[in-house]
Structure formats: C-alpha cells, structure tokens
Amino acid sequence: MHDVPSLVAQAREGRPRAVARLISLVEGASPQLREVMAALAPLTGHAYVVGLTGSPGVGKSTSTSALVSAYRRAGKRVGVLAVDPSSPFSGGALLGDRIRMADHASDPGVYIRSMATRGHLGGLAWAAPQAIRVLDAAGCDVVLVETVGVGQSEVEIASQADTSVVLLAPGMGDGIQAAKAGILEIGDVYVVNKADRDGADSTVRELNHMLGLGESRGPGDWRPPIVKTVASRAEGVDEVVEALEKHRAWMEERGVLAERRTVRAAHEIETIAVTALRERIADLRGDQRLGVLAERVAAGSLDPYAAADELVSGLTGS
C-alpha cells in the first residue's frame, strides 16, 4: 500500500517519481484510487488542458513537442499525456511519443507520460481524465493531451479538453477525413502543419470553406482560427500559442470555460457510475436473478427492457 498523502505532497513539489506512481495507481485501477482522487480534488482546477488530435502522420507528436518548448520559454510547467495505441502483446503503450519528445526528458518543468488505450475507443485511454487531474494537482500550468490518431473516433478529446486543436497536413486528404470524423465540429483551433509542402494554401482554403458551411455563429461567438505551421522547425508555433491564449481568454470572459469543466466533470461522474454498475452486473453472471430473467426473456414472457429495469432495481435497491 502506498502512502497517498506523502505521494501527493511529493507530486506538488514536482517530483516526477511521485507523479508517475499516482498515475500508475490510476491506470491500474488501484484499490487506493478513491483515496488518491479525494486527496487531489482540492488541488485541481488550475491547469489549462489542451487536446491535440488529427489523422496519423500529420505531426501531432512533433507539434506537441514544439508547443512544450514554447510554453517552457514562457515559464510554464507543462504536463503531456501522449496516448499511444496499445501493444497487442503487453497491453502497454508503444511509447513512440516519448521517443519523439526526448528533448524534454531532462527538463524538470516537463512531465511526459505515455498511456495505452487498452482497446478504449475515442483516441484516449480510459484513465485519461484522472491522469489529467494528477498533472493538474502536481502544479502543471498546461496539460497537453495528444490522442492516438485513429480517425473517426477521435472526437472524444472534445469532452476532456478546455481547448481542442485539430491538426491537418496538405496532401493527405485530411479535409475529407475531417468531414468524416466530425472533427470540424469539435475544433477550437485548426493547425495546418507541414505548411512548407505544396497544397498548404489550398488546404487552408478548403478548411475555411468547410467551416463556413452551415455556420450559425452569432456576434461575439468564437470563430476557430486556422494557423499554418512547420512544427519540425518551430515555425508558426508561437502563433498557435497565441490562438490558444485568445480562446482561453474568450472562454473565461463568457463563462464557457467553467461550463466546459462542469460538463467534463459530469461526464467523468457518469463514466465512473456506469463502470461500477457494469462491475456489479458482471458479479451477477452466476447469480440466480440474472439467470431467471434471462430464461423469461428467452421464453418470450418478458421483454429485455423490462428485464433490465428489474435488474437495475435489484442492483440499486430502488
């Protein structure tokens, strides 16, 4: 058993091992997870959470690394959650992002963690919300969450981030892919990376056109900017940071930031509650009640919805 108060205190001091252990407790669904979350709750709510998403190959990791450098120059402490596809052998992250961000490995003001999706859809690891809380409580000013890059299920990042950045690159058919994935509905800032390639300007034009289709923004509403970058050379990265800060200021001024965080908390509570119910249902696999209900549904004397209502009533005592 870990000494949670001691770990939290060490994490607040910026000790990476303590942060790592707390996130490991989260990922492993430790029996101490409730104690960890209770200890962290009063310390959270300060970090600005930025999600980066886009199709594979657009340069998400390079862009994330460039943003880390920009925020560090501004004196900000930065946490990075780089969500990797799960290894088919170990279930762990493939750690590609850790390799690409090696330049920041020795910086005490940067904490980088690769997390495995472990089959979770939506481009995020299931433990990402709690891991964000750990980095927030550990004193990170900015938390960058880089998704897997799985295409059409990438939209989940919008429910976890204060600001969502959608990356595209010329010559990759990203405009069509963006429309498919629905990411044109979740982006707060759009970045056309690898802008030194042919077709960058046409990608920007296409994006502008697609963003304008069916646009119903009123006066004062946020209009997502489009920024061109060459992240490998850090070109345009300061402009991305400027766009992020403008969006943050806009959200704070209109109460949108608090609203998004409340929605995020509601989603987190719902996920925890549903997970707990699923675990209780799983415990009933050999229970007589479930077997009797299943027999009645199979015989046609009870419909599955009514059976589910009875099961839920039995689980909740209502």
Side-chain angles (χ1 to χ4, degrees), residues 48-64 66-67 83 121-124 144-233 235-251 253-254 256-257 259-260 263-264 267:
Y48 177 41
V49 183
V50 178
L52 294 98
T53 188
S55 302
V58 297
K60 290 191 300 296
S61 297
T62 306
S63 298
T64 300
L67 281 172
V83 184
L121 296 178
L124 292 177
L144 303 175
V145 184
E146 180 197 332
T147 68
V148 171
V150 293
Q152 295 191 32
S153 56
E154 283 290 83
V155 296
E156 188 176 325
I157 187 58
S159 68
Q160 302 298 340
D162 297 323
T163 298
S164 297
V165 178
V166 175
L167 286 98
L168 303 99
M172 296 184 67
D174 281 298
I176 297 171
Q177 183 63 33
K180 281 184 181 178
I183 57 178
L184 287 180
E185 298 173 5
I186 67 153
D188 299 304
V189 176
Y190 290 87
V191 173
V192 176
N193 189 34
K194 305 181 182 181
D196 52 344
R197 291 184 176 180
D198 291 339
D201 290 335
S202 62
T203 300
V204 172
R205 283 195 300 272
E206 183 181 1
L207 254 180
N208 261 318
H209 173 68
M210 295 179 77
L211 286 170
L213 290 175
E215 191 176 81
S216 58
R217 296 182 181 89
D221 286 353
W222 178 254
R223 163 81 184 185
I226 301 171
V227 184
K228 291 196 294 184
T229 65
V230 184
S232 59
R233 299 201 297 260
E235 293 177 10
V237 176
D238 288 340
E239 286 78 2
V240 175
V241 172
E242 183 182 350
L244 292 173
E245 291 305 313
K246 283 182 178 178
H247 185 243
R248 182 179 187 176
W250 177 85
M251 289 192 295
E253 183 183 329
R254 288 163 175 77
V256 175
L257 184 58
E259 183 181 330
R260 285 192 176 192
V263 170
R264 192 159 78 215
H267 178 73

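In this chain, numbering begins with 1 at the start of the sequence shown.
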Does some side-chain heavy atom of Asp196 sit less than 4.5 Å from a side-chain heavy atom of Glu235?
-> no
Backbone of Leu167 reached by a side-chain donor or acceptor of Asn193 within 3.5 Å | no
Closest non-hydrogen atom pair, Ala195 against Ala200 = O-CB, 3.5 Å
Please report the C-alpha distance between Met251 and His247 in whole Å, then the side-chain angles of each, then the deciding distance to 0.1 Å, and finally whether the side-chain contact (heavy atoms from CB on, under 4.5 Å) criterion is met.
-> CA-CA 6 Å; Met251 289 192 295; His247 185 243; 3.3 Å; yes
Write down the atom of Gln160, the atom of His267, and the distance for their closest heavy-atom approach.
-> NE2-CD2, 3.7 Å
Any donor-acceptor pair under 3.5 Å linking the side chain of Lys60 with the backbone of Gly54?
-> yes
Which atom names give the shortest non-hydrogen contact between Ala66 and Ala231, and what distance separates them?
-> CB-O, 4.0 Å
Carefully, step by step, assess Val256 and Trp222 under the rule side-chain contact (heavy atoms from CB on, under 4.5 Å).
-> CA-CA 11 Å; Val256 175; Trp222 178 254; over 6 Å; no
Heavy atoms only: give me the nearest Arg260-Asp162 pair and the separation to one decimal.
-> NH1-O, 2.7 Å
Side chains of Pro170 and Asp198 in contact at under 4.5 Å (non-hydrogen atoms) = no
Could you tell me whether the side chain of Tyr190 and the main chain of Leu211 form a donor-acceptor pair under 3.5 Å?
-> no
How would you list, by chain and number, every residue that makes a salt bridge (charged side-chain N to carboxylate O under 4.0 Å, His left out) with Glu242, sequence neighbours excluded?
-> Lys246
Hey, could you give me the OG1/OH distance between Thr163 and Tyr48, rounded to the nearest 0.5 Å?
-> 2.5 Å
Qualifying residues under side-chain hydrogen bond (donor to acceptor under 3.5 Å, both in side chains), relative to Glu259, sequence neighbours excluded | none
Shortest non-hydrogen contact from Ser164 to Ile186?
-> CB-O, 3.5 Å
Please assess Arg264 against Val49 for the test side-chain contact (heavy atoms from CB on, under 4.5 Å), listing each intermediate value before the final yes or no.
-> CA-CA 11 Å; Arg264 192 159 78 215; Val49 183; 4.0 Å; yes
Pairwise distance NZ(Lys194) to CG(Leu168) - rounded to 0.5 angstrom | 11.5 Å
Determine, stepwise, if the pair Leu67 / Leu52 fulfils side-chain contact (heavy atoms from CB on, under 4.5 Å).
-> CA-CA 11 Å; Leu67 281 172; Leu52 294 98; 3.7 Å; yes
Is there a side chain to side chain donor-acceptor pair (under 3.5 Å) between Thr147 and Thr53 once you walk through the steps?
-> CA-CA 5 Å; Thr147 68; Thr53 188; 3.2 Å; yes
Do Glu206 and Met210 have side chains that get closer than 4.5 Å, going by heavy atoms?
-> yes
Partners of Glu245 by salt bridge (charged side-chain N to carboxylate O under 4.0 Å, His left out), sequence neighbours excluded?
-> none
